[in-house]
There are 2 protein chains.
Amino acid sequence: MSRLGKRAAKSVRPVRDAAATQQQILDAAEQEFAHHGLKGARMSAIAQVAQVTSATLHYYFENKENLYKAVLQRPVDEVQEILAQHDFDALSPEEALKQIIRIAISNEAANPQRQMLWFQESSQNQGAYFKECNVLTLHEYLLKVLERGMKDGSFRPLKPFLTLTYILSICLFYFTVHENWRHLTPEIDRLSPEMIEEHTKEAIAFIWAAIQQRD
Amino acid sequence: MSRLGKRAAKSVRPVRDAAATQQQILDAAEQEFAHHGLKGARMSAIAQVAQVTSATLHYYFENKENLYKAVLQRPVDEVQEILAQHDFDALSPEEALKQIIRIAISNEAANPQRQMLWFQESSQNQGAYFKECNVLTLHEYLLKVLERGMKDGSFRPLKPFLTLTYILSICLFYFTVHENWRHLTPEIDRLSPEMIEEHTKEAIAFIWAAIQQRD
DNA sequence: GTCTATAATACGATAGAC
DNA sequence: GTCTATCGTATTATAGAC
């Protein structure tokens with residue numbers, strides 16, 4: 001095989017493309033850190049999945065901890081960008097709430113392992129880097145909608161912060177436990193588009209029934 | 001100090017008490033595995049907290065993996081024992097549901113790190129040991145209550161398995177994120193008895209509003 | 001039943017060639 | 001920008017004394 005042929009075969013990740021390599025490392029690291037946390041993650045495992053050597057990891061991110069922080073930061077930036085594209089104030093509290101639920105679920109569905117990043121961070125790091133990441137955006141949008149809905153009478157009186165917790169737990173817990181619960185109902189693929197759609201519909205119905213004001 | 005004095009000082013764990021040592025190891029291991037998962041946990045850290053040497057760990061549990069399995073099994077057995085003391089069929093679906101919520105929350109409150117054990121198991125082990133542990137008990141009781149409530153018309157028509165997921169997520173997610181969310185509201189101690197009581201009341205109200213049948 | 005000492009390996013990180 | 005080779009240490013596990 002000629003050198004040209006070899007290069008063509010590698011075209012999925014061109015040699016010496018810094019940006020591409022960095023993305024590939026972040027993708028691999030996100031998986032590994034989500035699965036095993038900071039301590040449990042293995043640099044060698046990340047290197048293998050990213051198809052680079054561990055020396056390359058250190059070249060881009062210096063050490064394990066910096067790589068971990070970079071991995072945590074990425075989803076925060078992505079969510080912020082998505083939320084910035086919406087104007088929830090222009091919607092009724094009911095519609096805004098349903099929009100946020102759809103965003104939260106579809107975002108997790110696209111990255112079903114991402115929530116574990118934050119659980120790992122919470123339990124093994126006591127959330128030390130959580131604050132640094134300025135992760136509050138989704139919480140703030142949701143809080144504002146809840147308060148608006150209570151004010152205009154479309155939601156019943158609620159403890160805002162507990163209700164916020166419950167809404168997010170309904171959306172996200174589903175993805176956190178799916179590997180365990182797969183063993184309860186092996187015939188169901190909880191990550192299939194159909195099941196995600198059912199989850200979305202049912203979650204909206206559940207939450208709306210829980211918080212709406214009735215006569 | 002005399003040998004007698006030394007022995008008295010150690011009286012919290014008498015020397016050469018196999019049962020006590022084993023419990024102490026399991027307690028320490030539960031903490032460590034919940035915080036760091038199977039790979040991330042350090043045998044030396046467990047040994048230090050349990051106040052034994054790592055050789056003692058191997059004496060009782062042979063290796064890391066066996067210790068991990070023993071740690072997973074213990075909470076399952078405890079929950080099964082608690083549930084066996086109740087006769088949910090004797091209660092109305094509404095009352096039975098509220099009882100189960102109270103049990104789930106108070107159980108997590110007593111061991112706020114325990115849920116992370118299962119999340120770790122789900123994400124890093126794909127729930128490989130989850131099935132072995134026969135952990136289904138709580139799920140089964142709850143499913144039965146949901147189906148009974150739908151049948152007698154006290155609950156609205158629900159997807160049983162999704163609703164089960166939502167109810168447990170509301171009860172448990174609260175504990176999983178408390179270390180992270182502590183940074184959002186540093187003045188609140190989410191594990192204080194008062195906050196747990198508020199969580200319990202609010203969770204029951206939320207869930208009941210979500211699933212009750214109305215005219 | 002518990003310890004000390006140590007073997008054997010796994011892991012993070014760096015140096016230097018290309 | 002990426003690799004190979006390697007250093008130093010951390011970690012699991014075992015052997016053998018008490």
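The figures here come from the full heavy-atom set of this structure, side chains too, leaving out hydrogens, waters and symmetry mates. We name chains A, B, ... by the order of the sequence lines, and we start the count at 1 in each one. The model shown is predicted, which means the values in this text are computed figures rather than measured ones.
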Checklist entry - So A:E32 and A:R42, salt bridge (Lys or Arg N to Asp or Glu O under 4.0 Å) or not? Walk me through it. => result CA-CA 7 Å; A:E32 178 74 3; A:R42 297 289 169 250; over 6 Å; no

Next on the checklist: If the cut-off is 4.0 Å, is A:H58 near the phosphate of C:dT14, judged by side-chain N/O to OP1 or OP2?
Outcome noted: no

Item to check | Interatomic distance, A:Q48 CD vs D:dC3 P [rounded to whole Å] | outcome: 13 Å

Checklist entry - Which residues pass the side chain to side chain donor-acceptor pair (under 3.5 Å) test with B:Q23, sequence neighbours left out? => result B:R74

Checklist entry - Between D:dT2 and A:Y59, is there an OP1 or OP2 to side-chain N/O distance shorter than 4.0 Å? => result no

Checklist entry - Is it true that B:H183 and A:Y129 have ring centroids separated by less than 6.0 Å? => result no

Item to check | B:F61 CZ - D:dA13 P separation (whole Å) | outcome: 14 Å

Item to check | Nearest-angstrom distance from the residue atom CG of A:L57 to P of D:dT2 | outcome: 11 Å

Checklist entry - Whole-Å distance between D:dT2 C1' and A:I46 CD1? => result 18 Å

Next on the checklist: Rounded to whole Å, please give me the gap between OH in B:Y60 and P in D:dT14.
Outcome noted: 17 Å

Any protein N or O atoms within reach of nucleotides 4-11 of chain D? Criterion: under 3.5 Å, listing atom names and distances.
{"from": "D:dT11", "atom 1": "OP1", "to": "B:R42", "atom 2": "NE", "distance (Å)": "2.8"}

Checklist entry - When you measure from the side chain of B:H199 to the backbone N and O of B:C171, does any donor-acceptor pair fall under 3.5 Å? => result yes

Next on the checklist: Under the rule for side chain to side chain donor-acceptor pair (under 3.5 Å), what residues qualify as partners of B:D89, not counting sequence neighbours?
Outcome noted: none

Next on the checklist: Can you measure B:N63 atom CG to D:dT14 atom P for me and round it to whole angstrom units?
Outcome noted: 8 Å

Item to check | Length of the CZ-C1' vector between B:R16 and C:dG1, whole Å | outcome: 4 Å

Checklist entry - If you look at every heavy atom in A:S123 and B:A34, which pair is closest and at what distance? => result OG-O, 3.6 Å

Checklist entry - Could you state the CD-P distance from A:Q51 to D:dC3, rounded to the nearest angstrom? => result 10 Å

